[in-house]
Amino acid sequence: MSFLKRLASGLRKRLQLPTSYSYQTQYPILMPLQRLYKQVTELTTGNKYKLYRTLKEIDCELYGAIDRMARMVRHAYGGFVLHVGRTLDERERELLAELHRFEQQWDIPSFFQASADRLFTYGDDVSYVRFGSGLKEWRFLPMEVITAVESRRQIGDVSAQVFEPKIYVMNELNDDMRQEFPADNIVHISLNNRAQPVYDVIGRYTFGVWSLSPIEPLKYDMLWKLAVKINDIILRQKLVPRMHHKLDLSMFDPNNFAGDTLEERIQAARDAAREYLNKYVSEVATSLKQVDKDFVTSKDVEIVYTEPRHVSYVDPNPMLDQLNRSIYAVIGPVESAVSGRGARSYASEIAVSSYAILVAETVATTIKRKVLEVVRRHIQTKYPGKFDDLLDRIDIKVRLAYGIQYGELIRQAAVLTATNCFTVDEIREMLGYEPLTDEQRQDIAERFGRGRVGQHAQTLQDILRDYIRRQEPQEPETPESRRDKQQT
């Protein structure tokens, strides 16, 4: 934290830019610098979750990377399914309809996206649920003020150690705003908290409770990137072209002004000179009102700039690109998906996008497990005992394939089909489709086969062989053309 304070202090000093007179205009180039200064001062609060959120808000590449990955997780959500076979009976159809209503009521695709965004930002996602006759309330809790303890005796004790969260507390150190939630009413989704030693927001040691935020290893790179931007803004503000108006102010000699003491005559001369300069600026030097920054002084005043020797200006763009690659390496998206451009070949984009899909599917699977726990509790409390035997058959499809990736899947499915080692249902599952129903099989048989269904239905290979046999002329079979010649 001392590093952040030094950074804020140094920026505060650098913002004390020299000005000549109060009539100088406010320059647009300084507005981003003032905004960055305000954000940096907020980084010294000590709350790590506020730091993560602030870094995401002020860095467009970091925000874009997290946003793209969260959208990919949303796209990986494939809806609720029941693993009960090809056809559903009346009770199973009723349960599936209830699952679809649950999905629409609580907007599960949006929950996947919001939860993934919080996971990539904080490493954890905590939400509150309340059940009555079904799920009655489900809302996110602010990570900046959430802690977890094993018992009420640990509340307020920053020296305690937490290994098994049983009570979640909001605003733990504020007696007036404190709220406690039992673990049964909390949905805690974590990226990887199985064996992570992490200090919570009040500095208490925890193990196996919270995850390390993906932004934590990026923190210093983000501050470095911020410093590069600040230095570049200050330098560009210094490089703005200026005009220097040199005026003859010899008529404002203190000896020409009345006064009992020398100080009174100097003050009178200063007031007269200031009035003269202000009138000159307002009536003559109209360019001073433009974007550039000009100076009006006496003709005897010379303004010079001291430039560093043996040091050339360093273009910040290569450094920013290097720091941005750190963001993509940690969060996991394809660079072209964030910036709209990429430096890789087509084959490299395929490989990198496959990894990005793997990351999105992994996060979606993590969210899926907790959502299934909630929906099963919803069914149990809304229909006690009615669907208990079907709860384990409730599932959520998680499959992400888009654009060129889906084309690759189609080609893989064609190759696997040709090996005759996989069933049609297995191939369809790989592509993200449900097994064919009897009606679908009959429709396919009527369109491409000879109307046979069931065990007499033609396979794809049968259809292809029949097609080739009808299209190609038949060669007469002779003893010379036979492969298995007679043995003599």
Inset, instruction - May I ask you to check whether Ser127 and Arg139 show a side-chain donor-acceptor distance below 3.5 Å? - result: no
Inset, instruction - Return yes if some donor-acceptor pair links the side-chain N/O of Asn47 with the main-chain N/O of Glu144 below 3.5 Å, else return no. - result: yes
Inset, instruction - Please identify each residue that fulfils ring pair (Phe, Tyr, Trp, His ring centres under 6.0 Å) with Phe181, with sequence neighbours left out. - result: Tyr128
Legend entry - Min side-chain heavy-atom separation Gln113-Val73 under 4.5 Å: no
Legend entry - Any pair counted as salt bridge (charged side-chain N to carboxylate O under 4.0 Å, His left out), so long as it reaches residues 207-217, sequence neighbours left out: Glu216-Lys219
Legend entry - Asp117 vs Lys56 side-chain heavy atoms within contact, under 4.5 Å: yes
Inset, instruction - Indicate yes or no for a side-chain donor-acceptor contact from Gln104 to the backbone of Arg101 under 3.5 Å, with no hydrogens or angles considered. - result: no
Legend entry - Side-chain touch Ile186/Leu141, heavy atoms, less than 4.5 angstrom: yes
Inset, instruction - Taking the side chain as every heavy atom from C-beta outward, state whether Tyr49 and Val201 have any pair of such atoms under 4.5 Å apart. - result: yes
Legend entry - Arg118 and Asp124 ion-paired at < 4.0 Å: no
Legend entry - Side-chain heavy-atom pair Phe112, Val371 within 4.5 angstrom cut-off: yes
Inset, instruction - Just jot down the side-chain contact (heavy atoms from CB on, under 4.5 Å) partners of Lys48, sequence neighbours excluded, or say none. - result: Tyr52, Val198
Inset, instruction - Sorted by first residue and then second, give each side chain to side chain donor-acceptor pair (under 3.5 Å) pair with at least one member in residues 192-203; sequence neighbours left out. - result: Asp200-Arg204
Inset, instruction - Decide, yes or no, whether a salt bridge links Glu98 with Lys382 under the criterion of side-chain N to carboxylate O below 4.0 Å. - result: yes
Inset, instruction - State which residues pass ring pair (Phe, Tyr, Trp, His ring centres under 6.0 Å) with Phe207; sequence neighbours excluded, sorted by chain then number. - result: none
Legend entry - Ala76: partners by side-chain contact (heavy atoms from CB on, under 4.5 Å), with sequence neighbours left out: Ala364, Val398, Leu400
Legend entry - Worked check of side-chain hydrogen bond (donor to acceptor under 3.5 Å, both in side chains) between Ser190 and Trp210: CA-CA 7 Å; Ser190 188; Trp210 306 104; over 6 Å; no
Inset, instruction - Measure the shortest side-chain to side-chain distance between Arg152 and Glu180 over non-hydrogen atoms and say whether it is less than 4.5 angstrom. - result: yes
Legend entry - Pairs meeting criterion side chain to side chain donor-acceptor pair (under 3.5 Å) with involvement of residues 365-375, two or more places apart: Lys368-Asp395
Legend entry - Residues in side-chain contact (heavy atoms from CB on, under 4.5 Å) contact with Glu426, at least two apart in sequence or another chain: Phe422, Thr423
Legend entry - Partners meeting ring pair (Phe, Tyr, Trp, His ring centres under 6.0 Å) with Tyr168 (sequence neighbours left out): His188
Legend entry - Close side-chain approach of Phe163 to Thr206, heavy-atom, < 4.5 Å: no
Legend entry - ring pair (Phe, Tyr, Trp, His ring centres under 6.0 Å) involving Phe387 - partner list, sequence neighbours excluded: Tyr383
Inset, instruction - Report yes if some heavy atom in the side chain of Trp138 is under 4.5 Å from a heavy atom in the side chain of Phe131; otherwise report no. - result: no
Legend entry - Geometric class of the Phe80/Phe102 ring pair [parallel <30°, tilted 30-60°, perpendicular >60°]: perpendicular
Legend entry - Pair Arg71 + Asp67, salt bridge at N-O below 4.0 Å: yes
Inset, instruction - Apply side chain to side chain donor-acceptor pair (under 3.5 Å) to Glu94 and list each qualifying residue two or more places apart in sequence or on a separate chain. - result: Lys386
Inset, instruction - Could you list the residues that satisfy side-chain contact (heavy atoms from CB on, under 4.5 Å) with Ser159, not counting sequence neighbours? - result: Asp157
